[in-house]
There are 2 protein chains.
Amino acid sequence: MADASAKNGHRAGNGARNGKGRVWGGIDLGGTKIEAVIVDARGDVLGRARHVTPATGGPGEVVKELYGTLGEAAHAVGIEPAKLVGVGVGVPGSVDANNGTLSHTANVAGGWDAPYPLASDLGDLVGGGKVMLGNDVQVAVAAEYKLGAGRGHRSVLGVWWGTGVGGGLVLNGVPWRGQGSAGEIGHMVVKPNGARCGCGRRGCLEAYAGRACMESKARSAARKGEKTILFDIMRDKNRTRLSSSVWASALKQKDPLATRLIERAIDMLGVAIASVINLLDLEAVVIGGGLGSRLGPMYMGHIQDAMHPHLFITERKPVMRIAELGDLSGAIGAALLAGPRM
Amino acid sequence: MADASAKNGHRAGNGARNGKGRVWGGIDLGGTKIEAVIVDARGDVLGRARHVTPATGGPGEVVKELYGTLGEAAHAVGIEPAKLVGVGVGVPGSVDANNGTLSHTANVAGGWDAPYPLASDLGDLVGGGKVMLGNDVQVAVAAEYKLGAGRGHRSVLGVWWGTGVGGGLVLNGVPWRGQGSAGEIGHMVVKPNGARCGCGRRGCLEAYAGRACMESKARSAARKGEKTILFDIMRDKNRTRLSSSVWASALKQKDPLATRLIERAIDMLGVAIASVINLLDLEAVVIGGGLGSRLGPMYMGHIQDAMHPHLFITERKPVMRIAELGDLSGAIGAALLAGPRM
């Protein structure tokens, strides 16, 4: 049912486009969960739902679950999915927004490598408004720019500090996507020939600040006999990974290894953010993501202290903010992709 | 005579604005020389002149010499400066383009620190079209984008590799100035706690790749007894500094110190450029500046080799080009500031 003539999306009907009470759907496809929201023209969240991301089954299974989560959010506010004016999806991986395809992703349903027409397949199920794809971090940053911590600034860098370190840019009010893959602040080089990154390269910011790389480093230090309560806390919380809350507890208890690794991460966040500011001279920086939201309130001063020695224009420091939209920034940002104009 | 009501410039009359054969002036204010051009609506250079930059006397002396150089270029093609539709000036330092002031500069006429109304003072002398100010590297990159090596690309990073390392960005066809000071790729951090930079900080790209910092490093190595022909070549050429041509000669003769320092510079250029590409996902990179223009043809492959291990999207390498407009890119870019639309 997708209309290939729609240049920037996949229309499958007019839905509620001409009616009153126009509403949009937004879906954030994460590695562990799918978050869906229904928003009105102001971006206010009317309904929401959360499902677990399929661990296997490939893209077909993912599309079904996206639709299931969206449907649940829509029905929660008494709306048929087909009545949505548009639906946006934020996805982790390389997106071709014009073709509505997700080129490759490592983290979802076993991963896939060939471009998959996620927008048109989901559009067929929804049967309503157009479906738009965007990168998950880019849409979350756009949401913070319009509705959250970036409000009132024209040019914003978003740093999403979590399992990895993602980034998004809004320049003069417009999201900057480059040729489709802009924002990889996590793979800016902060130390040539430095620590090994999950991407296979060396010295990336993510190799120091990404939660997955920090966990590897902590496990290797523990194996070498360094004392830490990180893994005791993890077991107490019934986790198998060092989640943001595990790090937060260990830091609260002044665990030396956790403290050292977080300070190392923050030093490198400071280096990379200052480099971006020197290059782009932006007004504001928004820190989000799992670790950013959890640790930001306590560590924002540390991040600023880490940046300041490297800032070229010392009399004009960027405004620093913590993301305000929380877990929903991705889903709300995805909904904004599909159309509400604010 | 400046009209404060002109929001983005300082008009002092209509000049030749409504006549045929409309021409514009462009001036590049450098640390050692002032370069002026007269261009037509296509950006073609009709006339040019070069004067020595005053070493003392402050901004008043500079304005007189800017006018003298512009006048000489204009008279060379039989035009009165008052008939210029507009005049652009590229300056080394912090510019407030809206107010037409040069905030501070270290390299010109003894330097100054208070914002100086260079645009309106020069406008009074010219008595013709509006006078616009811009950063010297930013306007040079904009010229390469429109008329030179960046033609045909929508998003371009310019890296001006000379005494320092400057940068300029064109994003989707529009020069990106941030809050007025964007482009400082030379002060992106390539090695935390690394080499001392002329700006006083540590680990900046310029600390490794700027000609001034490379010269300091070479002098210190020579003092410590390291063998090099760099300073012999300098004296043979009657220079007091290691100019780009001195470096080029030493490299040609395979001087080990020169080779080592240039390779170190190129490694760090590769790190910084790759980081910018990972962040902004740009189409093309233009290498200019004294060292860039001189060494680019021989070393472009080295720069690419230094970038590639750090590029996140390996299947989409940016197009790499050497600047084409040579010494005049700054003056032509300055003229473009003032108006010709291409």
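Predicted model, so just to flag it, every value in this text is computed and none were measured. Chain naming here is simple, since letters A, B, ... match the order of the sequence lines and numbering starts at 1 in each.
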Practice prompt. Would you confirm whether A:Glu283, through its side chain, and B:Gln179, through its main-chain N or O, come within 3.5 Å as a donor-acceptor pair?
Written response: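 The answer is no, because no donor-acceptor pair under 3.5 Å joins these two groups.
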Worksheet item: Does the A:Asn278 side chain pair with the main chain of B:Glu184, one donor and one acceptor, at a distance under 3.5 Å?
Response: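 Not confirmed, A:Asn278 side chain does not pair with B:Glu184 backbone.
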Discussion item. Would you say CG of A:Asp305 has more than 12 non-hydrogen atoms from neighbouring residues, nucleotides or ligands within 6.0 angstrom?
Written reply: yes
Proximity breakdown for [X] and chain A, heavy-atom pairs closer than 4.5 Å:
X: B:Leu311; answer: backbone
X: B:Ser181; answer: both
X: B:Val189; answer: both
X: B:Pro309; answer: backbone
X: B:Leu169; answer: side chain
X: B:Arg316; answer: side chain

Worksheet entry | chain A contacts, top residue of B:His310, B:Met268, B:Lys191, B:Arg202 (heavy-atom pairs, under 4.5 Å) | B:His310
Worksheet entry | Largest heavy-atom contact set with chain A, pairs under 4.5 Å, which of B:Cys199, B:Ser275, B:Ala272, B:Ser155 |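 Highest number of pairs under 4.5 Å: B:Ser275.
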Worksheet entry | A:Leu279/B:Leu280 under side chain to side chain contact (heavy atoms under 4.5 Å, CB included): CA gap, chis, key distance, verdict | CA-CA 11 Å; A:Leu279 180 72; B:Leu280 295 175; 4.0 Å; yes
Minimum-distance pair of heavy atoms, taken over all atoms of [X] and [Y]:
X: B:Gly180; Y: A:Asp281; answer: N-OD2, 3.2 Å
X: B:Phe312; Y: A:Arg201; answer: O-NH2, 3.3 Å
X: B:Asn172; Y: A:Trp176; answer: N-CH2, 3.7 Å

